[in-house]
Amino acid sequence: MVATNAVRPRTGNVSAGTSIFGMVVLEHALSKAYPQVDPVATPAGDMAGMSHANNFTTDLNAWVGLFGQFAKAAGLEIGTNDLFKTLFNASISDDADPAAGGLLNYCLYSGEPLVGVEEGRPLFVHGPQATMSLANFMRAQLFSAFAPVTVGMRVMTEQEGVKIDKLVGHGGVFATPVVAQKLLAAACNAPITVMSTASEGGPWGMAVLADYLRHSDEADLSDFLDQRVFKDAEATTLQPVNEDVEGFNTFLTAFLKAMPVEHAAITTVAQ
């Protein structure tokens with residue numbers, strides 16, 4: 001929370017790595033307990049809700065690695081950063097259908113309580129009339145990685161009326177400019193900010209908190225972060241685009257409707 005300057009009510013952060021979580025600082029306590037939302041608090045003691053998904057980059061990295069193997073077999077030398085950049089940018093190109101062309105991916109290497117599965121079986125599946133293309137494939141990859149965490153986020157926004165003014169994206173997936181930021185804005189239907197410090201995590205935030213202890217009598221934590229730590233921070237903010245929001249909603253509906261295929265895989269496909 002501190003590393004992303006997300007300690008004021010109506011702000012939050014999405015931290016994406018091997019797993020992913022989204023946290024929103026609440027204006028009021030939730031009316032009841034939800035299995036999809038963990039109650040947490042900011043360092044200043046304000047209530048926050050967290051949606052945590054066990055899976056994020058493992059399946060995505062595996063597919064990117066496969067494309068890297070193909071490039072090597074074809075005699076092409078493509079560095080890892082350029083490989084990610086090329087594939088990620090395809091997902092927001094003009095060739096990409098907003099809803100990923102009917103392609104579905106389940107990046108579930110392990111169990112995922114947010115969508116009701118106790119074990120993981122990574123799956124890529126589509127109907128015969130789906131539009132198979134690189135752009136749609138990569139969009140499905142990123143949409144599927146964000147899909148589970150949005151379940152808990154929507155419990156807060158749709159069932160509890162939680163308002164979000166800004167979410168800060170954090171983690172390596174945001175290293176490629178715009179792409180994950182744009183698609184996360186669609187998934188959360190909220191502005192997404194990415195700062196130049198997006199790769200800095202918990203240890204840096206703890207150091208900032210330690211520094212705050214020396215100044216806690218001068219300002220509250222949120223003002224200290226705004227006025228001292230992040231005053232001149234480089235940041236970009238992207239607003240959600242309606243076409244992308246509608247595309248993700250269509251994808252998520254199909255993703256959840258087809259969850260029985262994941263349950264079937266658990267009982268029929270060995271680990």
Side-chain angles (χ1 to χ4, degrees), residues 1 3-4 6-42 46-60 104-120 140-171 173-174 180-181 183-193 201-202 240 244-245 247-260 262-263:
M1 293 177 176
T4 55
V7 297
R8 289 187 186 275
R10 299 173 66 133
T11 68
N13 66 89
V14 175
S15 182
T18 304
S19 64
I20 179 173
F21 63 79
M23 288 192 290
V24 182
V25 185
L26 306 174
E27 296 178 281
H28 53 77
L30 301 181
S31 64
K32 62 179 183 179
Y34 295 92
Q36 304 92 340
V37 180
D38 295 320
V40 294
T42 72
D46 292 309
M47 288 296 298
M50 178 172 69
S51 174
H52 180 269
N54 292 333
N55 301 270
F56 190 69
T57 57
T58 304
D59 192 45
L60 182 61
L104 290 174
N105 190 70
Y106 295 87
C107 62
L108 307 181
Y109 266 71
S110 62
E112 193 58 81
L114 283 170
V115 291
V117 295
E118 296 182 357
E119 297 181 25
Q141 290 294 320
L142 287 161
F143 270 178
S144 77
F146 286 130
V149 77
T150 65
V151 173
M153 298 291 280
R154 291 183 181 212
V155 167
M156 289 188 278
T157 57
E158 296 178 3
Q159 298 187 40
E160 290 285 337
V162 171
K163 304 299 183 184
I164 302 174
D165 291 336
K166 180 181 70 173
L167 292 172
V168 178
H170 171 262
V173 72
F174 298 102
Q181 186 178 9
L183 297 183
L184 180 60
C188 294
N189 195 16
I192 305 296
T193 296
D244 291 333
V245 173
F248 180 81
N249 288 341
T250 298
F251 176 90
L252 183 63
T253 298
F255 178 92
L256 295 174
K257 182 179 180 179
M259 279 302 301
E262 181 71 18
H263 291 283

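In this chain, residues are counted from 1 in sequence order.
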### Query
So, Glu112 side chain and Asn55 main chain: donor-acceptor pair closer than 3.5 Å or not?
yes

### Query
Is the shortest heavy-atom distance from the side chain of Leu26 to the side chain of Asp46 under 4.5 Å?
no

#### Entry: Non-hydrogen atoms of Ala187 and Phe146 that approach each other most closely
CB-CB, 4.3 Å

### Query
Are the side chains of Leu167 and Met153 in touch, meaning some heavy atoms are under 4.5 Å apart?
yes

### Task
May I ask you to test the Leu30-Met47 pair for a side-chain heavy-atom distance under 4.5 Å?
no

### Message
What verdict does the side-chain contact (heavy atoms from CB on, under 4.5 Å) test give for Leu256 and Val115, after you've listed the backbone C-alpha separation in whole Å, the side-chain angles of each residue and the deciding distance to 0.1 Å?
### Response
CA-CA 8 Å; Leu256 295 174; Val115 291; 4.1 Å; yes

### Task
Show the numbers, then the answer: is there a side-chain contact (heavy atoms from CB on, under 4.5 Å) between Met1 and Val40?
CA-CA 11 Å; Met1 293 177 176; Val40 294; 4.0 Å; yes

### Message
Return the OH to OG1 distance between Tyr109 and Thr18, rounded to the nearest 0.5 Å.
### Response
12.0 Å

### Query
Tell me, do Leu252 and Arg154 make a side-chain contact under 4.5 Å, heavy atoms counted?
yes

### Task
List the atom of Asn105, the atom of Ala140, and the distance in Å for their closest heavy-atom pair.
CB-O, 4.0 Å

#### Entry: Polar side-chain atom of Asn13 near backbone of Val168 as donor-acceptor pair, under 3.5 Å
no

### Query
Excluding sequence neighbours, so at least two apart, what forms salt bridge (charged side-chain N to carboxylate O under 4.0 Å, His left out) with Asp38?
none

### Query
Where do Gln159 and Tyr34 come nearest, in terms of heavy atoms and distance?
OE1-CE2, 3.4 Å

### Summary
Closest heavy-atom pair, Ser19 versus Ala53, reported as atoms and distance to 0.1 Å, is CB-O, 3.2 Å

### Query
Just wondering, do Leu104 and Ser144 contact through their side chains at under 4.5 Å, heavy atoms?
no

### Task
Test side-chain contact (heavy atoms from CB on, under 4.5 Å) on Leu114 and Ser51 and set out the steps.
CA-CA 8 Å; Leu114 283 170; Ser51 174; 3.7 Å; yes

### Query
Is the side chain of Asn189 donor-acceptor paired with the backbone N or O of Pro240 at a distance under 3.5 Å, no angle test?
no

#### Entry: From Thr42 atom OG1 to Met23 atom CE, the distance as rounded to the nearest 0.5 Å
10.0 Å

### Query
Atom CG of Leu183 and atom CG of Leu142: how far apart are they, to the nearest 0.5 Å?
5.5 Å

### Task
Assess whether side-chain contact (heavy atoms from CB on, under 4.5 Å) is satisfied between Met156 and Ile164, documenting all intermediate values.
CA-CA 10 Å; Met156 289 188 278; Ile164 302 174; over 6 Å; no

### Residues in salt bridge (charged side-chain N to carboxylate O under 4.0 Å, His left out) contact with Asp244, at least two apart in sequence or another chain
Arg139, Lys182

### Task
Classify the angle between the aromatic ring planes of Tyr106 and Phe255 as parallel (below 30°), tilted (30 to 60°) or perpendicular (above 60°).
parallel

### Query
How are the rings of His52 and Phe21 set relative to one another: parallel (under 30°), tilted (30 to 60°) or perpendicular (over 60°)?
parallel

### Summary
Nearest heavy-atom contact between Ser15 and His170 is OG-ND1, 3.1 Å

## Note on the structure
All heavy atoms of Ala16 vs all of Phe174, minimum pair found to be CB-CE1, 4.4 Å

### Task
May I ask you to check whether Glu160 and Ser31 show a side-chain donor-acceptor distance below 3.5 Å?
yes

